[in-house]
Peer 1: 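Right, I'll just put the structure down here and ask away after.
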Amino acid sequence: MIKVQDLRKIFKVHRKQPGFAASVKSLFRRDWIDKVAVTGSTFEVNEGEIVGLIGANGAGKTTLVKMLSGIIHPTSGKAEVLGHVPWKREDAFRRQIALIMGQKAQLWWDLPGADCFELLREIYQIPPEQYRKTLAKLSEMLQIGDEMNIQLRRLSLGERMKMELIAALLHSPRVVYLDEPTIGLDITTQRSVRDFLLDYRQKNAPAMILTSHYMEDIERLCERIIIIREGEIVYDGSLDRVMREYAPYKQLRLNVHRSSTNPLNAASLEMMGKVVECDPGSLCLRVDRDKVPEVAAELLRKYSVIDLSIEDPEIGDTIERIMAGKADETR
Amino acid sequence: MSPSLFFHLVLVEAKKLMSYRVDFWITMVVALVVNLVILWALWEAIFAESGKELIGGWDLNGILAYGVMVFLTGRIVRGGDLQMSVATDIYDGALSRYLLYPRHYPFIKYAQQVGNILPDLFQSLMMGLVAIPLLGISTTADVTPISLLMAIPSILVAHLLFFLMSLTPQYIAFWADNVWSLSVMLRFVTMLLGGAMLPLTLFPESIQVGLHWLPFSYLFEFPTLVALGKIDLVTWLEGICYCLLWSLLIGLLSIPVWRRGDLRYTGVGI
């Protein structure tokens, strides 16, 4: 459904030095620098797949989404969405896609949702019967009732986001781009938006690309993630694989009786794994995944154990390290 | 664009504007009172000082009628305050949402611009009902039902021309983020050379000849003269055709500017 090949985007950005003199100089002459936003991205997304696009601020996620939705033109490279080149903006393409931007309202601020939806029905030429059914279904899924008749600017952020979701999905798009759809929402609304998206995916099977800074969005919604660092894709694969590849260890936490004749000793434990914390009564040890049973048994045998837990590292921490380019340190 | 979508966009825009009730009434009352007072005080003084019966082919009541009528028609031709809307869409990235719709952006903006004139039309009608009876009888202007009917298409084509004339300069926002000053200058120039400030017959002869070959006079002076019964049927038809021709030329000019600008659009942020 979405095929991207060596897509690049370079912005020309005006560089302005600080100070009054520089401001005066910039009236006559400006310095421009190339800012590489996306560099050589290649990937594919299939029908019914939700792909999480993850990266730090300015990594190029939104630029990539803008190119794939046809809003901006790339500097070079190819992309095909539903058989169309997005930035040619053919009507047949635009009728089949939707973009939801959590940071930017797309509806008409001064109008109630109901009026906005009617207008979108006209814009997308949705048959009246299909429009009524889709609107009823989406409103029910998102639990929207009277709010539809209230001016959007008078609604809460969560209610507005629900309206944005309805508006974006009214024409039953086959490809949906979600750019930080849960940003700024409270936990309950975040959860209901996630549930809605999963439900929608199950019933309609669109291809979805989701960008988010919330790990819960990614964990709940995406089986596959693409990690971007400084415009470059550094990982494309399943969430499980990222843990296997970039966090090939588990953490063993151990509490022992302090009165034991055999207290914990960091030097003697180094052979089993990497000691993260160690004092006479407790230990945190990082151990290769395949050695965990063996090391746990050894610890239970050697020490007077009160409590032993085996933990997976936080997925958010792992991804954060990949984004920061520090993943190899823990590989 | 389908007619039903066009009318839908028109109505949505009108509803949006009329949802601000206080603004709607204040704009109307203040604009009308200020304009009437300035018109009357200025031309009364000029005629009294000059001691002439006619200036530029107008008597005092005629020129007051021109001032009132150009004010009322001008509001409709300019279509409220949408003049910066395209530049603002480019500047703050609101253009992105329109690029996603399977419709041409300039057509959507035009429909919105037409919607924007509905409140102005309503206001102009109400203001006309108050202001026109206050005007005295003139030997140089003759408002009749036929002249008012002929004025309607003249105002509509002038509105289209004004929209297209302000569209291309706003596309400059693709290159220079802020084109506010350009838009203000364009507004001033179109109002001055279009006859919104003074009848063009008051300009020197050479300038009048030059203006005849430019599109400005079709914006404000032409529909006003039509409404005041100063244009015969043939000249009226010619004027409508010239206005449409200018609209076509300026509309065609805007296409390559849009195409070049579109390549530079960033949608705000990276």
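In what follows, every chain begins at residue 1, and chains take the letters A, B, ... in the order their sequences are listed.
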Peer 1: Atom CG of residue position D34(A) - does it have more than 12 heavy atoms of other residues, nucleotides or ligands inside 6.0 Å?
Peer 2: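 Check passes, neighbour count above 12.
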Peer 1: Using a 6.0 Å cut-off, check whether atom OH of Y242(B) has over 12 heavy atoms from anything other than its own residue.
Peer 2: no
Peer 1: Got a sec: does the CH2 of W180(B) have more than 12 other heavy atoms crowding it under 6.0 Å?
Peer 2: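 No, not enclosed.
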Peer 1: Parallel, tilted or perpendicular: which describes the rings of W108(A) and Y98(B), with under 30° parallel and over 60° perpendicular?
Peer 2: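 Plane angle over 60°, so perpendicular.
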Peer 1: From D110(A) CG over to E13(B) CD, what is the distance, rounded to the nearest 0.5 angstrom?
Peer 2: 9.0 Å
Peer 1: For Q125(A) and R103(B), what are the C-alpha separation, side-chain angles and deciding distance, and is it a side-chain contact (heavy atoms from CB on, under 4.5 Å)?
Peer 2: CA-CA 11 Å; Q125(A) 298 284 291; R103(B) 305 286 159 189; 2.9 Å; yes
Peer 1: Determine the option with the most heavy-atom pairs under 4.5 angstrom with chain B, choosing from R95(A), M101(A), R89(A), K9(A).
Peer 2: R89(A)
Peer 1: Which of the residues L120(A), V38(A), L64(A), L119(A) is involved in the greatest number of heavy-atom pairs with chain B at under 4.5 angstrom?
Peer 2: L119(A)
Peer 1: Which heavy atom in I123(A) sits nearest to a heavy atom in L5(B), and how many Å separate them?
Peer 2: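 Minimum heavy-atom contact is CG1-CD1, 3.6 Å.
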Peer 1: Tell me whether K104(A) contacts the main-chain N or O of A94(B) through its side chain, where contact means a donor paired with an acceptor under 3.5 Å.
Peer 2: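 The answer is no, because no donor-acceptor pair under 3.5 Å joins these two groups.
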Peer 1: State the CG-CD distance between L11(B) and E122(A), to the nearest 0.5 angstrom.
Peer 2: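 Between L11(B) CG and E122(A) CD, I get 10.5 Å after rounding to 0.5 Å.
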Peer 1: Could you grab the distance from atom OG1 of T266(B) to atom NZ of K12(A), nearest 0.5 Å is fine?
Peer 2: 14.0 Å
Peer 1: Measuring from K66(A):NZ to S96(B):OG, what's the distance to the nearest 0.5 Å?
Peer 2: 6.0 Å
Peer 1: Write down the atom of R97(B), the atom of L107(A), and the distance for their closest heavy-atom approach.
Peer 2: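 Looking at all heavy atoms of both residues, the closest pair is NH1-O, 3.1 Å.
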Peer 1: In this structure, are over 12 heavy atoms from other groups packed under 6.0 Å from F93(A) atom CZ?
Peer 2: yes
Peer 1: Measure the NE2-CG distance between H8(B) and D115(A) for me, rounded to the nearest 0.5 Å.
Peer 2: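 Nearest 0.5 Å value for the NE2-CG distance: 7.0 Å.
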Peer 1: Taking R94(A) for its side chain and L100(B) for its backbone only, find out whether a donor-acceptor pair lies under 3.5 Å.
Peer 2: no
Peer 1: Side chain, backbone, both or neither: which part of E90(A) has an atom under 4.5 Å from a heavy atom of chain B?
Peer 2: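 Nothing of E90(A), per the 4.5 Å heavy-atom cut-off to chain B.
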Peer 1: Surrounding CD of E118(A) (heavy atoms of other residues, nucleotides or ligands, distance under 6.0 Å), is the total greater than 12?
Peer 2: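 Count over threshold, so yes.
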Peer 1: Tell me which of these, D262(B), L95(B), V12(B), has more heavy-atom pairs under 4.5 Å with chain A than the rest.
Peer 2: D262(B)
